[in-house]
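Working notes, beginning with the structure itself.
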Amino acid sequence: MALVPYEEGAGWGARQLHSPWATYRFASHTIRVKQDWRRLGVAAVVWDAAVVLCAYLEMGSIDLRDQSVIELGAGTGLLGIVATLLGKGFFVCLFKAIYNCSARVTITDRAAALEFLESNVQANLPPELHPRAVVKELTWGKDLGNFAPGAFDFILGADIVYLEETFAELLQTLEHLCSEQTVILLSCRIRYERDHKFLKMLRGRFSVYEVHYDSSKDVHIYKAQRGSRKDDF
């Protein structure tokens, strides 16, 4: 995931982060992602916020089929992989043309992480879903011209709220990618006062609601949308 704080000597959790592999079961698939703490640091390990958001999506209250989805700060790619698997649809015939109803998922991170991210995505998706998941560079606030404004139905982010100096660029990116109908889902552990500051900034531009809390991992999931609509999830 995106940069988050980490303390050495954290026991089992530290050993898990330093493991070269992490294995999960989502969407009836075993997902085995590479981790690379030594080369890429905290951006290349799986954090609890990603696991909790994957589990939330798997609950089934959100239908990703035939939706356009983007993940920000993807890191290992676990969340984007799960979104692609959960968004697997079916083929329908429209006017003698075959239409694929699977989700279209864009999995993004900074340039330094893309090769690592791409390898995890390719290794964990069945061949028929490879065209539905695109790995793409996105540095918040800087690569927005490569993305059509308001082009996504869902924006996903796990543990991407950490560096206060990136808050303005992250908000700018969210505003660019959002339409009036776009749903943003952000999962995070509230660690510091600056995390509350970001939520306040987010509420200044979007309607924000907490839709899930995992007490075992102390992870919150927030839903944000433009305007004042409060759809039940």
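Just so you know, residue 1 is the first one in the sequence shown, and it goes up from there.
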- Task: Would you name the heavy atoms of Ala151 and Ser68 that are closest together and state the gap between them?
- Result: O-OG, 3.4 Å
- Item | Side chain Arg110, main chain Ala113, donor-acceptor under 3.5 Å | no
- Any chain of hydrophobic side-chain contacts (each under 4.5 Å) joining Phe154 to Val134? no
- Note on the structure: Closest non-hydrogen contact found for Ile190 with Cys188 is CD1-SG, 3.8 Å
- Got a second to check how far Thr76's OG1 is from Ile31's CD1, nearest 0.5 Å? 10.0 Å
- Is the number of heavy atoms from other residues, nucleotides or ligands within 6.0 Å of CZ (Arg38) greater than 12? no
- Message: I'd like to know if the side chain of Arg189 reaches the main chain of Ala49, judged simply by a donor and an acceptor atom lying under 3.5 Å from each other, with no hydrogens or angles considered.
- Response: no
- Worked verdict on Trp140 versus Leu174 for side chain to side chain contact (heavy atoms under 4.5 Å, CB included): CA-CA 9 Å; Trp140 302 336; Leu174 291 173; over 6 Å; no
- Message: Between Lys34 and Ser119, is there a side-chain donor-acceptor contact under 3.5 Å, judged purely by atom types and distance?
- Response: yes
- Query: With distance as the sole test, does Ser187 use its side chain to make a donor-acceptor pair with the main-chain N or O of His220 at under 3.5 Å?
  - Reply: no
- Item | Ser19 and Val45, any side-chain heavy atoms less than 4.5 Å apart | no
- Quick one: are Arg39 and Phe116 in side-chain contact, heavy atoms under 4.5 Å? yes
- Item | Check: Asn120 main-chain N/O paired with Arg32 side-chain donor or acceptor under 3.5 Å | no
- Message: Can you tell me how far apart CZ (Arg104) and CG (Leu64) are? Round to the nearest 0.5 Å.
- Response: 11.0 Å
- Task: Take Val33 and Val46 through the test side chain to side chain contact (heavy atoms under 4.5 Å, CB included) and record every step on the way to the result.
- Result: CA-CA 9 Å; Val33 294; Val46 177; 3.7 Å; yes
- Do Leu138 and Asp109 come within less than 4.5 Å of each other through their side chains, counting heavy atoms only? no
- Message: Quick one, Leu170 and Leu72 - any side-chain contact, counting heavy atoms below 4.5 Å?
- Response: yes
- Task: Check whether more than 12 heavy atoms from other residues, nucleotides or ligands sit under 6.0 Å from atom CD of Glu210, and answer yes or no.
- Result: yes
- Do Lys223's NZ or CZ and the ring of Phe206 fall within the cation-pi criteria of under 6.0 Å and 45°? no
- Query: Backbone N or O of Gly80 within a donor-acceptor pair of the Glu71 side chain at under 3.5 Å?
  - Reply: yes
- Quick one: pull up OH in Tyr222 and CG in Leu202 and give me the separation to the nearest 0.5 Å. 10.0 Å
- Separation between SG of Cys178 and CD of Gln225, rounded to the nearest 0.5 Å: 8.5 Å
- Query: When you measure from the side chain of His130 to the backbone N and O of Glu128, does any donor-acceptor pair fall under 3.5 Å?
  - Reply: no
- Could you check if a side-chain atom of Thr173 sits within less than 4.5 angstrom of a side-chain atom of Phe147, using non-hydrogen atoms only? no
- Between Gln172 and Arg205, which heavy-atom pair has the shortest distance, and what is it? N-NH1, 4.4 Å
- Salt bridge flag under 4.0 Å for residues Asp159 and Arg191: yes
- Query: Are Ile155 and Val183 close enough that some pair of their side-chain heavy atoms sits under 4.5 Å apart?
  - Reply: no
- Item | Heavy-atom side-chain contact between Phe26 and Ile81 under 4.5 Å | no
- Message: Using a strict threshold of under 4.0 Å (side-chain N to carboxylate O), is an ion pair present between Lys142 and Glu169?
- Response: no
- Under 3.5 Å donor-acceptor, Arg194 side chain and Tyr162 backbone: yes
- Message: Do Glu137 and Thr108 have side chains that approach each other closer than 4.5 Å (heavy atoms only, starting at C-beta)?
- Response: no
- Could you walk me through whether Ile184 and Leu156 pass the side chain to side chain contact (heavy atoms under 4.5 Å, CB included) check? CA-CA 6 Å; Ile184 303 167; Leu156 308 177; over 6 Å; no
- Closest non-hydrogen atom pair, Arg226 against Glu180: CD-OE2, 3.4 Å
- How long is the span from the OG atom in Ser28 to the CG atom in Leu85, to the nearest 0.5 Å? 9.5 Å
- Query: side chain to side chain contact (heavy atoms under 4.5 Å, CB included) between Val69 and Asp153: does it pass, once the steps are laid out?
  - Reply: CA-CA 6 Å; Val69 182; Asp153 300 302; 5.9 Å; no
- Is it true that the side chains of Tyr213 and Asp218 contain a donor and an acceptor less than 3.5 Å apart? yes
- Task: Consider only side-chain N and O atoms of Ser102 and Arg132, and report whether a donor and an acceptor are under 3.5 Å apart.
- Result: no
- Item | Short side-chain to backbone donor-acceptor contact, His176 and Leu144, under 3.5 Å | yes
- Query: Do any N or O atoms from the side chain of Lys136 and from the backbone of Asn146 form a donor-acceptor pair under 3.5 angstrom?
  - Reply: yes
- Message: Tell me the closest heavy-atom pair linking Val121 and Ala133, and the distance in Å.
- Response: CG1-CB, 4.2 Å
- Task: Supply the atom-to-atom distance Leu78 CG to Leu117 CG, rounded to the nearest 0.5 angstrom.
- Result: 11.0 Å
- Sub-3.5 Å donor-acceptor pair from the side chain of Asp195 to the main-chain atoms of Tyr192, do we have one? yes
